[in-house]
Amino acid sequence: MKRKLEDIRREAISELNAAADTQSVEGVRIKYLGKKGALTAVLKQMGTLSDEERPVMGQLANEVREALTAALAKRQSELEAELLEARLASETLDVTIPGRRPPLGHKHPMTIALDELKDIFIGMGFAIADGPEIELASYNFTKLNTAEGHPAREWGDTFYMTEDSSVLLRTQTSPMQIRVMEEQTPPIRIIAPGRVYRKDEVDATHSPMFHQVEGLVVDKGITMADLKGTLNQFVEQLYGKGTKTRFRPHHFPFTEPSCEVDVLCHGCGGAGCRICKDEGWIELLGAGMVHPKVLSGCGIDTEVYSGFAFGIGVERMAMRRFDITDLRLIFENDMRFLAQF
Ligand code: DAH
């Protein structure tokens with residue numbers, strides 16, 4: 001019996017050491033200490049021993065049981081610790097790693113340029129008017145003194161929406177002049193920024209869609225001097241004090257007289273360079289005194305009121321402002337380009 005007890009101790013301990021998980025540990029416990037376990041079986045045989053042997057074997061059996069119980073508990077806690085360790089390692093959360101910042105967007109260069117223009121005119125007391133991009137031909141052309149037969153009205157130049165050419169994608173923001181004059185009574189002082197459309201092939205300086213900012217002032221006693229003063233003030237705010245302008249006679253159907261306004265080239269100061277294509281001047285906008293026919297067509301008494309209007313091409317301005325050499329870049333929305341602004 002003594003040998004048997006010794007064997008049980010040795011085998012149980014070695015099985016415990018080999019146990020790789022807590023389930024195996026439990027298996028060892030049942031195998032030796034369980035109701036039908038090996039040690040239990042030995043203890044049941046105690047009665048068959050002689051009076052001298054029984055206390056000796058009893059003590060040994062107790063020792064073995066205690067040793068086994070202790071070894072079981074030790075292995076169990078060892079395995080639990082290992083398990084915890086493994087879980088901690090796999091679930092590590094390093095709170096010192098900097099968070100992932102969601103990339104923040106910013107304004108498109110066209111929006112920057114438009115906002116700049118709006119700010120300048122708002123500062124001069126202009127209000128902002130908004131109107132449709134799908135426009136009536138009567139507003140886009142006829143009421144702007146551009147009668148049928150005018151070359152600008154040709155199908156090849158304009159995106160008509162209807163067979164009868166009565167509805168189109170506006171080719172200019174100038175129809176906003178009509179909309180505002182029909183709705184408001186002077187004094188009027190508005191700008192109307194927005195998209196316009198023309199049947200142009202895409203290249204480095206042309207796009208079938210681009211932006212204009214229309215301006216309109218109607219009041220008593222408005223003269224060409226107001227036009228020049230306002231636009232000079234605008235140019236100085238845009239390009240800096242003392243920026244030289246040039247007012248060239250031109251023709252627009254809805255203004256009389258009409259002009260185009262150039263600024264002295266910032267690249268060469270007038271000598272001629274790549275930026276101004278050797279002109280020395282850069283064309284900035286079209287303008288003029290609102291034609292009396294246009295005023296009276298909107299119910300405004302030309303004996304009392306007069307006005308001036310202007311139209312700015314925003315892309316050209318933005319290209320110069322940001323030194324962009326190809327108009328297509330503005331609309332392709334390539335992040336490598338846009339991220340530079
Ligand atoms: N609408 C003209 C264009 O697209 C620009 C323009 C010229 C607007 C003169 C005006 C103006 O208001 O007075 O070419």
Side-chain angles (χ1 to χ4, degrees), residues 114 117 121 124 126-129 131-133 135-147 150-154 157-159 168-182 184 188-200 205-219 222-232 234-235 245-263 282-295 297-298 300 302 305-317 327:
L114 274 164
L117 287 184
F121 282 109
M124 292 196 275
F126 283 69
I128 293 182
E133 289 173 26
E135 185 55 283
L136 297 172
S138 56
Y139 282 75
N140 193 85
F141 293 128
T142 320
K143 289 170 185 249
L144 285 164
N145 198 29
T146 310
H150 192 282
R153 301 186 69 142
E154 277 174 22
D157 294 332
T158 302
F159 291 107
L168 46 77
L169 293 179
R170 66 182 179 188
T171 64
Q172 50 186 356
T173 45
S174 302
M176 283 307 294
Q177 292 185 33
I178 308 298
R179 291 189 172 272
V180 169
M181 285 191 284
E182 284 185 350
Q184 301 176 19
I188 289 169
R189 210 185 292 153
I190 59 99
I191 57 163
R195 294 191 187 93
V196 300
Y197 303 82
R198 289 181 200 176
K199 277 194 179 170
D200 280 331
T205 54
H206 292 88
S207 161
M209 185 280 291
F210 55 100
H211 294 76
Q212 289 187 337
V213 170
E214 193 76 15
L216 175 68
V217 172
V218 182
D219 203 349
I222 296 290
T223 69
M224 194 80 183
D226 297 299
L227 181 159
K228 288 185 78 172
T230 304
L231 292 178
N232 275 333
F234 160 66
V235 166
T245 53
R246 179 174 77 171
F247 291 72
R248 265 185 301 110
H250 199 77
H251 169 77
F252 295 105
F254 39 89
T255 45
E256 182 60 35
S258 305
C259 62
E260 279 192 325
V261 181
D262 304 332
V263 284
I282 296 168
E283 186 193 317
L284 191 63
L285 53 88
M289 301 305 293
V290 182
H291 199 294
K293 271 193 184 170
V294 175
L295 287 173
C298 296
I300 290 174
T302 55
Y305 294 105
S306 55
F308 69 85
F310 56 90
I312 308 167
V314 187
E315 273 76 6
R316 217 188 299 163
M317 221 199 72
L327 176 63

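Predicted model, so just to flag it, every value in this text is computed and none were measured. We're numbering straight along the sequence, starting at 1. Both counts, for ligands and for their atoms, begin at 1 and track the order of listing.
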Open item on the list: side-chain contact (heavy atoms from CB on, under 4.5 Å) for Lys143 and Ile178? Distances and angles first, verdict last.
Closed with: CA-CA 7 Å; Lys143 289 170 185 249; Ile178 308 298; 3.5 Å; yes

What atoms in ligand 1 come closer than 4.0 Å to a heavy atom of [X]?
X: Phe252; result: 7 (C), 9 (C)
X: Gln212; result: 3 (C), 4 (O)
X: Gly288; result: 13 (O)
X: Ser174; result: 1 (N), 8 (C)
X: Phe310; result: 8 (C), 10 (C), 11 (C), 12 (O), 13 (O)
X: Thr255; result: 13 (O)

Distance from [atom] to nearest protein heavy atom, with residue and atom:
atom: atom 11 (C) of ligand 1; result: Phe254 CE1, 3.4 Å
atom: atom 13 (O) of ligand 1; result: Ala309 O, 3.1 Å
atom: atom 2 (C) of ligand 1; result: Gln172 OE1, 3.7 Å
atom: atom 12 (O) of ligand 1; result: Glu214 OE2, 2.6 Å

Open item on the list: Atom CZ of residue position Arg189 - does it have more than 12 heavy atoms of other residues, nucleotides or ligands inside 6.0 Å?
Closed with: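 Counting other residues, nucleotides and ligands, CZ of Arg189 stays at 12 neighbours or fewer.
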
Open item on the list: Between Lys199 and Thr158, is there a side-chain heavy-atom distance shorter than 4.5 Å?
Closed with: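 Sidechains of Lys199 and Thr158: no contact.
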
Open item on the list: When you compare the side chain of Phe141 with that of His150, does any pair of heavy atoms fall below 4.5 Å?
Closed with: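 Sidechains of Phe141 and His150: no contact.
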
Task: Phe126-Phe234 aromatic ring centre distance below 6.0 Å - done: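 No: the rings miss the under 6.0 Å criterion.
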
Any donor-acceptor N or O pair under 3.5 Å, side chains [X], [Y]:
X: Glu182; Y: Tyr139; value: yes
X: Ser207; Y: Asp200; value: no
X: Gln177; Y: Glu214; value: yes

Task: Gln177 heavy atom under 4.0 Å from ligand 1 - done: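 A heavy atom of Gln177 does come that close to ligand 1.
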
- [ ] Would you check whether His250 reaches within less than 4.0 Å of ligand 1, judged by its heavy atoms?
- [x]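 So His250 does not count as touching ligand 1.
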
Task: Steps toward side-chain contact (heavy atoms from CB on, under 4.5 Å) verdict (Leu227, Phe310) - done: CA-CA 9 Å; Leu227 181 159; Phe310 56 90; over 6 Å; no

Open item on the list: I'd like the name of whichever of Pro175, Gly311, Ala287 reaches closest to atom 8 (C) of ligand 1 through any heavy atom.
Closed with: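 Heavy atom nearest to atom 8 (C) of ligand 1 belongs to Gly311.
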
- [ ] Of the side chain and backbone of Arg198, name the one, both, or neither that has a heavy atom under 4.0 Å from an atom of ligand 1.
- [x]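 It is the side chain that touches ligand 1; the backbone stays farther off.
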
